[in-house]
Amino acid sequence: MEFCVFTEPQQGATYATILRQAQHAEKLGFDGWFRSDHYLVMGDRDGLPGPTDAWTTLAGLARETSGIRLGTLVSSMTFRHPGILAIQVAQVDAMSGGRVELGLGTGWFGDEHAAYGIPFPAKRFGMLEEQLEIVTGLWRTPLGERFAFDGAHYALSDSPALPKPLQSPVPLIVGGGGRQRTPQLAARYATEFNIGFVGEPEVRDTFANLHRVCGEEGRDPLTLKLSVALPTVVASSPAELRRRCEAADIDPARAGAPPEEGVLVGTPEQVVEKLQRVADLGTARMYLQCVDMTDLEHLDLIAAEVLPHVTDTVA
């Protein structure tokens, strides 16, 4: 199983804070560092000093890290025209030496769109599918050939389809709990399917449903990496647990949460037990949502006392 640090810089973080966490995660041997793509703080926080742009951040990290995977979980398709997004991701992939991954979704947070004047259409799945077709089509177009697209939402004509990313294909993450359209998009375009913030029974059902939809779409489900994202708080003492839960807005009473709860909270032993159950469901990658980006000792504890004890059960 792969383990990635997943964080939420819109809650308040400078690029310097982001860089320290990403470099520390790399030093500890985490497989990836992923960030949300949001422009507005959530909950009862001031969000200071303000948001950072996801792909600007990743461009910086591409040059200031050397081996860790970097990506978004997930970018909102409302933020960028697909032609521009394809250029941005391809450039950052080249800057990183081929370490970038693109998570792309419909977007959901209406308030941030209103706050920054970003259009937020009521119906977005059609737009997302066209974006996925355009971005992957631009990257796949052979050198010297042109790309064109004429859809209901976007039109591209006589595009040179440049630049090309180093990776072919760039890992593309699609996810969510929808029963039909989301897994359809994953089957048609993605290399990874993600489900987040739900308990083990829902993870099991969602993965089973994905296999069903892949069969309908003619996609071998074994060619899709399955991943899960969960809020994560690990602590060695009750005081440490309370402090970290408070920073993450999580009730400490959720320590050792049962299978039905979508959190990783507790002692290293409790978290290992839950992670092992999630791994046994077929999960190939875990995104550990660590909200307090200044708490590098949290990552130290996870790397030392949790990750080495989770048995890889995915072929």
Side-chain angles (χ1 to χ4, degrees), residues 1-8 25 28-34 69 73-74 103 173-179 182-183 186 190-214 221-238 240-242 244-245 248-291 298-315:
M1 181 185 280
E2 298 175 1
F3 291 96
C4 301
V5 174
F6 166 45
T7 194
E8 307 273 354
L28 292 172
F30 284 89
D31 296 288
W33 185 93
F34 284 71
R69 306 290 300 177
L73 196 72
V74 294
I173 306 159
V174 171
R179 297 288 297 174
T182 298
T191 60
E192 177 180 330
F193 177 83
N194 175 262
I195 183 71
F197 314 112
V198 298
E200 295 153 51
E202 190 167 343
V203 170
R204 180 185 297 108
D205 292 346
T206 300
F207 286 171
N209 183 65
L210 174 70
H211 278 243
R212 175 188 65 81
V213 174
C214 281
L222 298 181
T223 64
L224 265 173
K225 181 185 291 186
L226 303 181
S227 65
V228 175
L230 293 176
T232 302
V233 174
V234 186
S236 298
S237 70
E240 190 175 66
L241 180 71
R242 287 193 298 272
R244 289 190 171 137
C245 282
D249 293 325
I250 292 175
D251 184 352
R254 300 179 80 182
E260 292 75 19
E261 289 202 46
V263 295
L264 283 170
V265 178
T267 64
E269 294 77 14
Q270 289 172 320
V271 170
V272 167
E273 182 180 347
K274 188 174 184 71
L275 278 172
Q276 191 63 61
R277 295 197 304 267
V278 175
D280 292 342
L281 297 176
T283 306
R285 173 183 274 184
M286 280 298 310
Y287 294 94
L288 308 178
Q289 187 196 45
C290 299
V291 174
H298 192 199
L299 300 188
D300 292 336
L301 179 63
I302 294 170
E305 301 295 336
V306 175
L307 305 193
H309 303 290
V310 181
T311 303
D312 191 353
T313 60
V314 179

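Side-chain atoms of Gln276 and Thr311, non-hydrogen and from C-beta on, do get closer than 4.5 Å to each other. Side-chain atoms of Val265 and Leu241, non-hydrogen and from C-beta on, do get closer than 4.5 Å to each other. Residues Cys245 and Arg242 fail the side-chain proximity criterion, which asks for heavy atoms closer than 4.5 Å. Met286 places a side-chain heavy atom less than 4.5 Å from the side chain of Leu275. Taking the side chain as every heavy atom from C-beta outward, Val271 and Leu288 never approach each other to under 4.5 Å. The shortest distance between side-chain heavy atoms of Leu210 and Pro221 does not fall below 4.5 Å. You'll find the side chain of Glu200 reaches within 4.5 Å of the side chain of Lys274, heavy atoms only. Between Val234 and Leu264, every side-chain heavy-atom pair lies at or beyond the 4.5 Å cut-off.
Considering every non-hydrogen atom in both Gly178 and Asn209, the closest pair reads O-ND2, 4.2 Å. Nearest heavy atom pair, residue Arg285 against residue Cys4, reads NE-SG, 3.6 Å. Nearest heavy-atom pair across Phe193 and Ala186 is CD1-CB, 3.7 Å. Closest non-hydrogen pair, Pro259 versus Pro201, comes out as O-CD, 3.3 Å. In terms of heavy atoms, Thr283 sits closest to Ser227 at CG2-CA, 4.1 Å. When all heavy atoms of Arg244 and His298 are compared, the pair lying nearest together is NH2-N, 3.4 Å.
When each of Phe3, Phe30, Trp33, Phe34 is checked for a ring-ring contact (aromatic ring centres under 6.0 Å, His included) with Tyr287, only Phe34 meets the rule. Applying the side chain to side chain contact (heavy atoms under 4.5 Å, CB included) test between Ile195 and each of Val228, Leu226, Leu230 identifies Val228 as the sole match.
Ring geometry, Phe197 versus Phe6: the interplanar angle falls from 30° to 60°, so the pair is classed tilted.
To the nearest 0.5 angstrom, His211 atom NE2 is 8.5 Å from Leu224 atom CG. Here OG1 of Thr7 is found 11.5 Å from CG of Leu73. Values are rounded to the nearest 0.5 Å. Thr232 OG1 to Ile302 CD1: the interatomic distance, rounded to the nearest 0.5 Å, is 6.0 Å. Atom CD of Glu305 is separated from atom CD of Glu269 by 7.5 Å, given to the nearest 0.5 angstrom. We find the CG-CG distance between Leu301 and Leu307 to be 10.0 Å, quoted to the nearest 0.5 Å.
In terms of modelled atom types and a separation under 3.5 Å, the side chain of Ser237 and the main chain of Ala235 share no donor-acceptor contact.
Comment: Arg277 engages Glu273 in a salt bridge, judged by a side-chain N to carboxylate O separation of less than 4.0 angstrom. By the 4.0 Å N-to-carboxylate-O rule, Glu2 lies too far from Arg69 to be salt-bridged with it.
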